Amino acid sequence: MRNINSVKQEFLQKWIWCLRKYSSQKKNMSLLDRKKAIKLSADLAMASTRNKTTRWSKALIANASKNSSSNKVLMAHVPGSSPPQRVRKSSTNYSHSTRIRRCRRNRAVYRPKDRVVASFIAKKLVQKRTRRLKSLLPGGEFMDDVSLVEETLDYVQSLRAQVEVMRCLVTASELMILNPS
């Protein structure tokens, strides 16, 4: 990922631009409309900051483009709105695991039952957590496990930058309210 300060600056610029465009569309917004506008503009700004280099950014853009017809003005200036592509697992991994299974079947392996049960429970726990992570990450349901970890790390870094920018904005607005000079 790029320098975090340049990412924050670019995110802030795009976020403010999206908020202005959205608010120019709708003059009298309710509290719920404002909340949606803030979330949508933050998602689009964060995704466009990544320049379609990650699957989660493509998924955020695709979700925003299909959710509402009022998003068309914002989507016109965001690069790419195609849905995320399903990632296929490579055939070499499949044949490798098949060979390992065949070798294991031919040998008699004696393991204590406790060890077998523990490995079964650990495997199920990892599968459950992987499914949960895939549901949390935008576009995660289309990723294999290795891509999922890489994309999650990138997404978390982007979310941290977004939160820091928003915190700075709140602090600045509070200072403006307290010291209106």
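Computed from a predicted model, the values in this text were never measured in an experiment.
- Proximity of Trp56 to Ser158: side-chain heavy atoms (C-beta onward) are separated by under 4.5 Å at one or more points.
- Taken to the nearest 0.5 Å, the OG1 atom of Thr152 stands 4.0 Å off from the CG atom of Leu133.
- In this structure, Leu153 is not a member of the same hydrophobic cluster as Val146, with clusters built from ILVMFWY side-chain heavy atoms closer than 4.5 Å.
- Listed by chain and residue number, nothing satisfies the salt bridge (Lys or Arg N to Asp or Glu O under 4.0 Å) test with Lys35 (two or more places apart in sequence, or in another chain).
- Considering only heavy atoms from C-beta on, Ile16 comes within 4.5 Å of Arg20 through its side chain.
- Atom CG of Asp145 sits about 11.5 Å away from atom CD of Glu150, to the nearest 0.5 Å.
- Side-chain atoms of Lys134 never come within 3.5 Å of backbone atoms of Leu148 as a donor-acceptor pair (strictly under, hydrogens ignored).
- Under the 4.5 Å side-chain criterion, counting only non-hydrogen atoms from C-beta, Leu136 is not in contact with Tyr155.
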In sequence, state the C-alpha distance, the side-chain angles, and the governing distance for Trp15 and Ile38, and then conclude on side chain to side chain contact (heavy atoms under 4.5 Å, CB included).
-> CA-CA 8 Å; Trp15 186 40; Ile38 291 169; 3.9 Å; yes
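- The minimum heavy-atom distance between Ala37 and Leu19, with the atom names listed, is O-CD2, 3.9 Å.
- Atom CD of residue Glu10 and atom CG of residue Asn5 lie 13.0 Å apart, to the nearest 0.5 angstrom.
- The CZ atom of Arg55 sits 13.5 Å away from the CZ atom of Arg50 when rounded to the nearest 0.5 Å.
- Note: Ser24 OG to Lys21 NZ = 6.0 Å, rounded to the nearest 0.5 Å.
- Counting heavy atoms from C-beta on, the side chains of Val117 and Phe120 never come closer than 4.5 Å.
- Environment of CD in Gln127: crowded, with over 12 heavy atoms of neighbouring residues, nucleotides or ligands closer than 6.0 Å.
- The shortest distance between side-chain heavy atoms of Gln157 and Asp154 falls below 4.5 Å.
- A donor-acceptor contact shorter than 3.5 Å links the side chain of Ser6 to the backbone of Asn3.
- Cys18 and Ser41 make their closest contact through CB-CB, 3.3 Å (heavy atoms, listed as atom of the first residue, atom of the second, distance).
- In this structure, Lys14 contributes its side chain and Ser48 its backbone to a donor-acceptor pair below 3.5 Å.
- Smallest separation of non-hydrogen atoms from Leu159 and Met46: CD2-CE, 3.7 Å.
- In terms of heavy atoms, Phe11 sits closest to Thr49 at CA-OG1, 3.7 Å.
- Put simply, the side chain of Ser147 never gets that close to the backbone of Met143: no donor and acceptor are under 3.5 Å apart.
- Here Lys39 pairs with Asp43 under the side chain to side chain contact (heavy atoms under 4.5 Å, CB included) rule; sequence neighbours left out.
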Can you list, pair by pair, the side-chain donor-acceptor contacts under 3.5 Å of residues 161-169, counting residues two or more places apart and other chains?
from   : atom 1 : to   : atom 2 : distance (Å)
Glu164 : OE1    : Lys8 : NZ     : 2.1

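- No side-chain heavy atom of Leu40 sits under 4.5 Å from any side-chain heavy atom of Lys36.
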